[in-house]
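So that the names make sense, note that chain A is the first sequence line, chain B the second, and so on, each numbered from 1. Note that the structure is predicted; figures quoted are calculated from it, not measured.
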Amino acid sequence: MPTDSAVRALADVPREPGAAKPDPIVVADDVVRRFGGMTAVDVQHVEIQRGAITALIGPNGAGKTTFFNLLTGFDKPSSGTWTFEGRSLHGLPAARVARKGMVRTFQLTKALSRMTVIENMRLGAGSQPGENLFTALVPPLWRAREREITEQAEELLVRFKLDHHRDSFAGSLSGGQRKLLEMARALMSKPTMVMLDEPMAGVNPALTQSLLGHIQALRDDGMTVLFVEHDMHMVRHISDWVIVMAEGRIVAEGPPETVMQDPAVVDAYLGAHHDTDLGDDALLSDDVAEQLEAEVQAEEEKR
Amino acid sequence: MDWTNLLVNVAGEIIAPTTAAYALAAIGLNIHFGLTGLLNMGQAGFLLLGAYGFAIATIAGWPLWAAVLAAILAAVVFALILGIPTLKLRGDYLAIVTIAAAEIVRIVGRSTTLTDLTGASSGLRGNSYKHTFQDASPFPDGTWELGPFEYAINASNSWWIRIVGWGVVALACLLIWLLMRSPWGRVLKGIREDEDAVRSLGKNVYAYKMQSLVLGGVIGAVAGIIYVLPRAVQPDAMGRSMTFFIWTILLLGGAATVFGPILGSMLFWAALMLIKLVMRGTVPETVMRSEQIEQFGWIIVGITLMLLVIFRPQGILGDKKELAINAH
Ligand SMILES: Nc1ncnc2c1ncn2[C@@H]1O[C@H](COP(=O)(O)OP(=O)(O)OP(=O)(O)O)[C@@H](O)[C@H]1O
Ligand SMILES: [Mg+2]
């Protein structure tokens, strides 16, 4: 459950797109990304609260991943500015953004297949002097740090239930395990803020539960989490704040309990089906799905 | 056919300076391709630049160490010129640019405008730049016999160049061994697997690729010096086919391994010699003339490379398990 402090901090924030937060870590203004004639992202103003778990949701193609790419330097915006911890990140290359403490994972997992799990993890760590070409030649200069890194990696692997695969090649892991590895690897650098693009897609529910607990623990230690997720249960279970995107714009913001009732959100997801509550678990039951399907068919027949 | 003589010749290829030079060139390429995944299709360009740098500097009167430094510097500059525009782009661009750049080096080298410097297409005679290296030998002049092998001690195709050549190869192996086990090598390996993932972990991918390109290129340039010391600098002998042989050697021995390039080079040159000698001894002149046999040898090389890539892409020493996993 969301911690009280993060929730309390966000209690007085107005439930509207672009709402100002009491202690924003990321502030973005007029960020626009066009692909040819198509505008994938058009965010006028958004703030992400420090030390909170914020969910970024929206239908497929809403521009969530593109927005992630822009913030983390993996893509260049057509226009716009944004700051991280008060400093502009505009135009900074991805690696520098990561070193500033904003680390992301990818929707399409990027496990380094022909490296072992533990090597994947070690690569995630920062300030290893042995990553310099000349220091690399003198092992005594980097062995101590390597031991620290390995210890930290092994702890995380236990947490992510990957310790049995320590020495397997990452390419031999299952899809869900790769997701976990990527997330654990991102945490190796002890980032100030993690951005997770659909972190739990394909991860089994029991493990999801324990990882959510872990994410919350990280937040309680002061880390900021921004994640994209389609699973509404997870969003409601873990997030302190929800930002909804549709067609590149931010259409709604609010706490997870209420944001799904916002008409703009319902519009974004379902078009005409206003009477359906997206936050309602019943949405997922069979008869509701059938009913929706029937309605859609009826509409199509009318055309 | 004289089988003893044949075996001596084949064994002689294994320790030949050319074999050492190719092993070293393949070690350089291994840093590019095996460790970092860079497709350098112009390694011969680095060898030729190294050879020119060394020979021209020596002819100009520079001492041995300064001439070697000139060769290394030429390779560094060449790597920077190649890398700055291409390393930010997708891998294939580097391949195209390196092929072209190596050809440019060769064509400029053989052009008549630079005759005074490079000797144009006839190149630079070995005797004009060998003296500093030979003078550096601590051994007395003469010839020396070791088992069936008899070579001059210092002159030209000598024991001295063999000792230095293989000594440098051993040093380069040690370097690779150290680097492959280091965090630096780990970052390169990560880049080979997925650049964006490594970038997301805060590593400056561009800088690492540049370091890899420069380091492998410098090793290539030193290989070029060893290659031309027992012969002459001939631009046309150091073109695309040389790059192609270096690739064959690397893939034969096994990319991303420490000893693959050495094993590959030894096998490559010994097998080629074996094929040539056996065919010369058994195929009558009327069927295939001597130069045709030479060319037939190269055809076999091409077929070997194809079979290798299809049936054993990890090479002889490569880790099958590592290659069995699809990269993405
Ligand atoms: N490289 C690209 N070139 C052209 N169009 C692109 C590119 N990347 C994204 N788009 C377009 O931008 C829009 C937003 O894509 P994006 O991947 O950000 O969506 P998303 O919200 O992450 O969706 P999902 O939930 O399915 O992951 C899509 O319409 C997509 O087609
Ligand atoms: Mg996406």
Side-chain angles (χ1 to χ4, degrees), chain A residues 68-69 72-74 93-106 108-116 118-139 141-143 145-146 149 168-173 182 185-186 188-189 191 195 197, chain B residues 31 34-37 76 87-88 171-172 174-216 218 255-257 313-314 318-328:
Chain A
F68 261 39
N69 290 345
T72 51
F74 278 87
R96 295 264 303 277
V97 173
R99 266 174 297 175
K100 289 220 182 279
M102 189 198 247
V103 174
R104 58 95 49 98
T105 65
F106 295 89
L108 299 170
T109 330
K110 293 187 186 295
L112 305 165
S113 304
R114 289 180 298 170
M115 290 169 77
T116 61
I118 189 78
E119 284 287 83
N120 263 272
M121 293 294 287
R122 286 180 182 137
L123 193 59
S127 44
Q128 163 56 282
E131 287 180 359
N132 175 289
L133 174 53
F134 299 103
T135 342
L137 297 172
V138 193
L141 294 178
W142 49 261
R143 280 242 178 82
R145 175 69 182 134
E146 191 78 349
I149 289 173
S168 334
F169 283 113
S172 69
L173 299 180
E182 198 186 2
R185 192 177 63 194
M188 280 297 291
S189 65
M195 320 236 310
D197 201 343
Chain B
I31 296 182
L35 267 54
T36 328
V76 172
L87 289 182
K88 286 210 166 136
L171 274 180
L174 180 69
L175 182 79
I176 297 284
W177 182 74
L178 279 171
L179 288 177
M180 273 177 76
R181 303 164 67 250
S182 77
W184 186 81
R186 180 166 66 216
V187 177
L188 291 199
K189 218 170 170 188
I191 292 171
R192 185 189 75 186
E193 297 299 301
D194 193 319
E195 271 180 38
D196 277 344
V198 176
R199 222 170 255 134
S200 78
L201 299 172
K203 324 286 176 200
N204 186 345
V205 169
Y206 182 65
Y208 279 97
K209 289 207 278 191
M210 190 60 97
Q211 289 168 20
S212 162
L213 189 64
V214 169
L215 185 63
V218 164
T257 65
Q314 78 272 28
D319 182 351
K320 200 167 182 180
K321 219 167 64 196
E322 199 174 321
L323 254 282
I325 295 158
N326 289 330
H328 293 289

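- Minimum interatomic distance between B:K189 and A:M115 (heavy atoms only, all atoms of both residues): C-SD, 3.9 Å.
- For chain B, no part of A:R96 is nearby; none of its heavy atoms comes within less than 4.5 Å.
- A:W142 approaches B:R181 most closely through the heavy-atom pair CH2-O, 3.6 Å.
- Taking CZ of A:R104 as the start and CG of B:D196 as the end, the distance is 8.5 Å to the nearest 0.5 Å.
- In terms of heavy-atom pairs under 4.5 angstrom with chain B, the leader among A:A98, A:G124, A:A95 is A:A95.
- With rounding to the nearest 0.5 Å, the separation of NZ in B:K203 from CD in A:E131 is 3.5 Å.
- Heavy atoms only, all atoms of each residue included: A:F106 and B:A197 are closest at CE1-CA, 4.2 Å.
- Of the two parts of B:Y208, only the side chain, counted from C-beta on, holds a non-hydrogen atom closer than 4.5 Å to a non-hydrogen atom of chain A.
- Residues A:A186 and B:L201 come closest through the heavy atom pair CA-CD2, 4.4 Å.
- We find the OG1-CH2 distance between A:T135 and B:W184 to be 11.5 Å, quoted to the nearest 0.5 Å.
- If you measure heavy-atom distances from B:V205 to chain A, you find no contacts under 4.5 Å at all.
- Contacts of A:R145 with chain B are absent, with no heavy-atom separation under 4.5 Å from either backbone or side chain.
- Expressed to the nearest 0.5 Å, how far CE of A:M195 lies from OG of B:S200 amounts to 11.5 Å.
- With a 4.5 Å cut-off on side-chain heavy atoms, B:P183 and A:E146 count as touching.
- A distance of 7.0 Å separates CD in B:Q211 from CG in A:N132, rounded to the nearest 0.5 Å.
- Between atom CD of residue B:E193 and atom CD of residue A:E119 there is a gap of 11.5 Å, rounded to the nearest 0.5 Å.
- Heavy-atom minimum distance, B:L179 versus A:L133: CD2-CD1, 3.8 Å.
- Scored by the side-chain contact (heavy atoms from CB on, under 4.5 Å) test, A:M188 finds A:M121, A:A125, A:I149, A:Q152, A:A153, A:L156 as partners (sequence neighbours excluded).
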